[in-house]
There are 2 protein chains.
Amino acid sequence: MLKLSKKVEYGLIAVRHIASLNNQISTVKEISEKYTIPSDVLAKVMQRLTKGKLISSHQGAMGGYTLARRAEEISVMDVIAVIEGTQVGIAQCFSEEPQNCSIFHNCTIKNPLGKIQHNLELVFNSMKVSEIV
Amino acid sequence: MLKLSKKVEYGLIAVRHIASLNNQISTVKEISEKYTIPSDVLAKVMQRLTKGKLISSHQGAMGGYTLARRAEEISVMDVIAVIEGTQVGIAQCFSEEPQNCSIFHNCTIKNPLGKIQHNLELVFNSMKVSEIV
DNA sequence: ATGAAATAGGACTACGCAAGTCGTATTTGC
DNA sequence: GCAAATACGACTTGCGTAGTCCTATTTCAT
């Protein structure tokens, strides 16, 4: 409960790694070996980060990945959002299909949870990759 | 990912409910019917809250539950901790068996995640049941 | 041209946890 | 003694996470 997924952890490690090398090109093989991350899983994470325009891919031999923005402009929230795809919410209220929640009709904790949700977003938004390097 | 469990939601609703009735005795049946919560599930949640000394149980006919502390002295974090049993952590680093994490040895994001973890705890600690009523 | 190194991406499996169900015991008031 | 309530363990089910496997595509170097 309340845990980040491994994919998000891998994504943060990868983005931090690239940033720490002054944006020199890095490959999945290099990162997966250095941090003992299953390369297939990391590959998919990198593809998501690419689609989300946080990093840029360079195909073919001698290819790899570089940052697509400055490290100061990538937040932990960006990484989470891009990798998870869906809106991150601590309850169904704040993600897809709120009305499908089994207690939607007379839920008494929507507003307080909303406040908490907002504060969590502040936390994740304020931490930038540049602080992790 | 990063979602509260249904048990925690049920626990918050129940504690809020009791608090809103000025600590008059409430039963599982009453709460489960009012908010459409499966009564067996709610019953176990109430037992956890009792063991955690957030509420007091009164067995037998005409029994039920009352708060064991003032609503100002029960935080959302208390409810989470008591219901989940284990330490809440956004990564394995901050809960049981940190050294079993597959990337423990040269993980580069322990410290930044630790900061985030700390800030999340602040958020959950600062919200009290008295603010939810 | 061809082969090697790299990304792109879909299909599938295994596992663990969350959620809920069921059955039974125990306590207590009327 | 019966009914209303809590206490609690065992079990089932479903879903999401994590990981594996396989193939296609792109690009560089020889």
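Chain A is the first sequence line, chain B the second, and so forth, proteins listed ahead of strands; every chain is numbered from 1. Given the structure is predicted, the values throughout are model-derived calculations rather than measurements.
The side-chain heavy atoms of A:Lys6 and B:Gln92, taken from C-beta on, include a pair separated by under 4.5 Å.
Between A:Ile103 atom CD1 and C:dA19 atom P there is a gap of 11 Å when expressed in whole angstrom units. Rounded to an integer number of Å, the gap from B:Ile83 CD1 to C:dG20 P is 13 Å. When rounded to the nearest whole Å, the span between CD1 of A:Ile25 and C1' of D:dC28 equals 12 Å. Rounding to whole angstrom units, CG of residue A:Asn100 and P of D:dG14 are separated by 18 Å. Distance NZ (A:Lys6) to C1' (D:dT20): 17 Å, rounded to an integer number of Å. In this structure, A:Leu4 places its CG atom 15 Å from C1' of D:dG16, rounding to the nearest Å. The NZ atom of B:Lys3 sits 15 Å away from the P atom of D:dC15 (whole-angstrom rounding). Residue A:Ile37 contributes atom CD1, which lies 16 Å from atom C1' of D:dT20 at whole-angstrom precision.
Of all the heavy atoms in B:His58 and B:Ile25, the pair that sits closest is CD2-CD1, 3.8 Å.
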(request) May I have the step-by-step check of salt bridge (Lys or Arg N to Asp or Glu O under 4.0 Å) for A:Glu131 and A:Lys128, ending in yes or no? (result) CA-CA 6 Å; A:Glu131 303 173 53; A:Lys128 309 294 183 186; over 6 Å; no
(request) Let me see the working for B:Glu33 and B:Lys29 under salt bridge (Lys or Arg N to Asp or Glu O under 4.0 Å), right down to the final yes or no. (result) CA-CA 6 Å; B:Glu33 283 175 356; B:Lys29 186 165 186 289; 3.3 Å; yes
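Considering only side-chain N and O atoms, B:Tyr10 lies under 4.0 angstrom from the phosphate OP1 or OP2 of C:dG20.
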(request) For nucleotides 5-12 of chain C, just jot down a letter per nucleotide in 5' to 3' order: B, S or -, based on protein non-hydrogen atoms under 4.0 Å. (result) BSSBBBB-
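Inspection of the A:Tyr35 and A:His17 side chains reveals an N or O donor paired with an N or O acceptor under 3.5 Å.
In this structure, B:Lys110 is positioned above the aromatic face of B:Phe104, its NZ or CZ under 6.0 Å from the six-membered ring centre and within 45° of the axis.
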